[in-house]
Asker: 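Take this structure, written in C-alpha cells, and hold onto it; I'll ask about it next.
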Protein chains: 2
Amino acid sequence: MTDTKTRILDLAENLTQSKGFNGFSYLDLAAEVGIKTSSIHYHYKSKADLALALVERHREALEAAFKRLDDDVANPADRLESIVTHFKGYIGEEKICMCGMMAAEFESISPAVRKALALYFRDFQNWLAKQFSALGHPNPPAVALQYVSALEGSLLLARLEGDASVVDRSLDGFVNT
Amino acid sequence: MTDTKTRILDLAENLTQSKGFNGFSYLDLAAEVGIKTSSIHYHYKSKADLALALVERHREALEAAFKRLDDDVANPADRLESIVTHFKGYIGEEKICMCGMMAAEFESISPAVRKALALYFRDFQNWLAKQFSALGHPNPPAVALQYVSALEGSLLLARLEGDASVVDRSLDGFVNT
DNA sequence: CTTGATATCTACTGGTATATAGATAGATTG
DNA sequence: CAATCTATCTATATACCAGTAGATATCAAG
C-alpha cells in the first residue's frame, strides 16, 4: 500500500485536475483517505505547502516521462504523439492538465508556486523544442510555445465538448508541415 | 451611473477573469458595490444564476463586437488582429478570458452554464471560420478551432510569464501561411 | 523498559460561505 | 389614497473552511 502522504498527494492531484486547487478542501481529502483533516495538516502543514508539493512532484514526473521517451522511443514524432495521448487521456476522466488548471488559478497561488509552475512550462517547452529541432523545424522554441498553448487551450475545449478529438484537431499540422 | 444589477455583473466578470468564479464571494461583491450580501441575492437569486447571467451577457457582447468589426473593418486579417489585441489587454490586468476560466472550472458549474459556455466557444469559432474563409484558408472550421485553442492556452501562459507577447507568438503564422 | 519519533486522534477556534426571513423606506401605479 | 413594487436593510440559519493545541497510540532504538 502506498503511504498516506503519497495518497494525499495523488488525491489532491486528481481533484485539482477536475475541480481546481480551490475546488476541494482538507475535508474532501480526509474523507477519501479515511483520516481526519488535522492529520492532513500533519503531512502538509498548510494548503500552500500542498500546492507546492503538487507542482514540484508533477514537474519531476514530467521530466521522468521525457527521459523515458528519449530512451525508449526513437522517432521524435512518435514521442510527441505519446505525450499527446497521455494528455488526451485526461478528457475521459473529465480532467485537464494540472498545471494548466493552476495557471488559471494564478491569482490565488503563492509566489513560490507561481515560480514552480513557470518552471514546469519552461521545461515542457525546452523538451518540445528539442523534438522539433530533431524534426528539422526552422524555429524550435517558437513552435514549442505554440504547441503548449494549443495543447492547454484544447484541453479546456475538449472537456467542455466531451470530445478528446478536439485535442488532436487543435494540434494537427504541427508535426507534418 | 450604471444601475446596481449591472455593476454587480461588471464586478463579477472582473473577479471571474482574475480569480475565477469560485474565487470570490457575495461578500466581495457587496463590499465593492457598497450594499449587503442579501441585496446581491435580490438581484441574483443564487450564485449559479449569477454565473449564467455572466456567460450569457458575455456571449452577447462577443456577438456585438463581431458585428461591429464586420461593419467597421474591411480586412479579415485586421479584424483578427483587433480581436487578439482585445484579449491581450487582459494580461496587463492579470486577467484571462472569462469563458476560458469558466471552462477550467467546468466541474463546478451547472449544466445550464456549461451549455452557455459551449455556445460561446462555438459562436467564436463560427466567426473565426468566416474570417479564415475570406482569407482563402482551405479548411476554415479546422483552423478556427486551432486558433481558439491557441488563444486560450496562450492567455494562461502569458499571465504566468507576465508577458503579453506570448499571445502574439502563440498565434503567429495563422494569418500568413 | 524508557525515550523519542511518527502518525493519528479529539476537540476547538475564528472566520467565511451561500442563502433565507422579515422589516422598511421610497417610488410608482391604479 | 391605497396597493404594489423596488431595492435595500438587519438578523439569522446552516454549512464549510483552514488551521491549532494537546492527548493518544505505536513502534524502533538504546
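Labels below follow one simple rule: chain letters A, B, ... track the order of the sequence lines, proteins then strands, and each chain is numbered from 1. All values below were derived from every heavy atom in this structure, side-chain atoms included, with hydrogens, water molecules and symmetry-related copies excluded.
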Asker: Does a salt bridge link A:Arg169 with A:Asp163, judged by any charged N lying under 4.0 Å from a carboxylate O?
Answerer: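 Counted as a salt bridge, because a side-chain N and a carboxylate O are separated by less than 4.0 Å.
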Asker: Can you measure B:Ile35 atom CD1 to D:dT8 atom C1' for me and round it to whole angstrom units?
Answerer: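 Rounded to whole Å, this separation is 8 Å.
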Asker: Between C:dT10, C:dT8, D:dA18, which one does the side chain of A:Lys36 approach most closely?
Answerer: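 Among C:dT10, C:dT8, D:dA18, the one nearest the side chain of A:Lys36 is C:dT10.
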Asker: Apply side chain to side chain donor-acceptor pair (under 3.5 Å) to residues A:Thr6 and A:Asp3 and explain how you reach the verdict.
Answerer: CA-CA 6 Å; A:Thr6 308; A:Asp3 72 336; 2.4 Å; yes
Asker: Pair A:Asp10, A:Arg57 - check salt bridge (Lys or Arg N to Asp or Glu O under 4.0 Å), show working.
Answerer: CA-CA 10 Å; A:Asp10 290 344; A:Arg57 187 181 71 162; 2.8 Å; yes
Asker: Checking contacts here: which listed nucleotide (D:dA18, D:dT8, C:dA7) is nearest the side-chain heavy atoms of A:Tyr42?
Answerer: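 Nearest to the side chain of A:Tyr42 among the choices is C:dA7.
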Asker: Return the CG to CG distance between A:Leu9 and A:Leu50, rounded to the nearest 0.5 Å.
Answerer: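 Reported to 0.5 Å precision, the distance equals 6.5 Å.
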Asker: Using the salt bridge (Lys or Arg N to Asp or Glu O under 4.0 Å) rule, take A:Arg122 and B:Glu161 through it: C-alpha gap first, then chi angles, then the decisive distance, then the call.
Answerer: CA-CA 10 Å; A:Arg122 258 173 253 145; B:Glu161 299 286 350; 3.4 Å; yes
Asker: CD1 of B:Ile40 versus C1' of D:dC9: gap in Å, rounded?
Answerer: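 Rounded to the whole Å, the gap is 13 Å.
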Asker: How close do A:Leu117 and A:Cys99 get, heavy atom to heavy atom, and via which atoms?
Answerer: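 Minimum heavy-atom separation between A:Leu117 and A:Cys99: CD2-CB, 3.5 Å.
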Asker: Could you check B:Ser39 against A:Ala48 and say which one's nearest nucleotide on DNA chain D is further toward the 5' end?
Answerer: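 The answer here is B:Ser39.
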Asker: Looking only at heavy atoms, which two atoms of A:Ile91 and A:Leu155 are closest? And how far apart?
Answerer: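 Reported closest heavy-atom pair: CD1-O, 3.7 Å.
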Asker: Could you check A:His43 against A:Thr37 and say which one's nearest nucleotide on DNA chain C is further toward the 5' end?
Answerer: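 Result of the comparison: A:His43.
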Asker: Parallel, tilted or perpendicular: which fits the ring planes of A:Phe124 and A:Phe66, with parallel below 30° and perpendicular above 60°?
Answerer: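 Tilted.
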Asker: Starting at CZ of B:Arg114, measure out to CZ of A:Arg159 and round the result to the nearest 0.5 Å.
Answerer: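 These two atoms lie 8.0 Å from each other.
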Asker: Calculate the interatomic distance between B:Asp3 atom CG and D:dA7 atom P; express it in whole Å.
Answerer: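 Answer to the nearest Å: 8 Å.
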Asker: Can you list, by residue number, the residues of residues 11-32 of chain B that have a non-hydrogen atom closer than 4.0 angstrom to DNA chain D?
Answerer: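 Under 4.0 Å from DNA chain D: no residue of residues 11-32 of chain B.
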Asker: Parallel under 30°, tilted from 30 to 60°, perpendicular over 60°: which one fits the rings of B:Phe174 and B:Tyr147?
Answerer: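 Judged by the thresholds at 30° and 60°, the geometry between B:Phe174 and B:Tyr147 is perpendicular.
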Asker: Take A:Ser108 and B:Lys19 through the test side-chain contact (heavy atoms from CB on, under 4.5 Å) and record every step on the way to the result.
Answerer: CA-CA 6 Å; A:Ser108 59; B:Lys19 317 213 287 181; 5.6 Å; no
Asker: Between the protein and nucleotides 21-29 of chain C, list the N/O to N/O atom pairs that are separated by less than 3.5 angstrom.
Answerer:
none

Asker: Nearest of C:dT20, D:dG19, D:dT8 to any side-chain atom of B:His41?
Answerer: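 Closest of the options to the side chain of B:His41: C:dT20.
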Asker: What residues from residues 107-117 of chain A pass a heavy-atom cutoff of under 4.0 Å to DNA chain C?
Answerer: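 Those residues: none at all.
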Asker: In whole angstrom, what separates B:Lys47's NZ from C:dT20's C1'?
Answerer: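 These atoms are roughly 18 Å apart.
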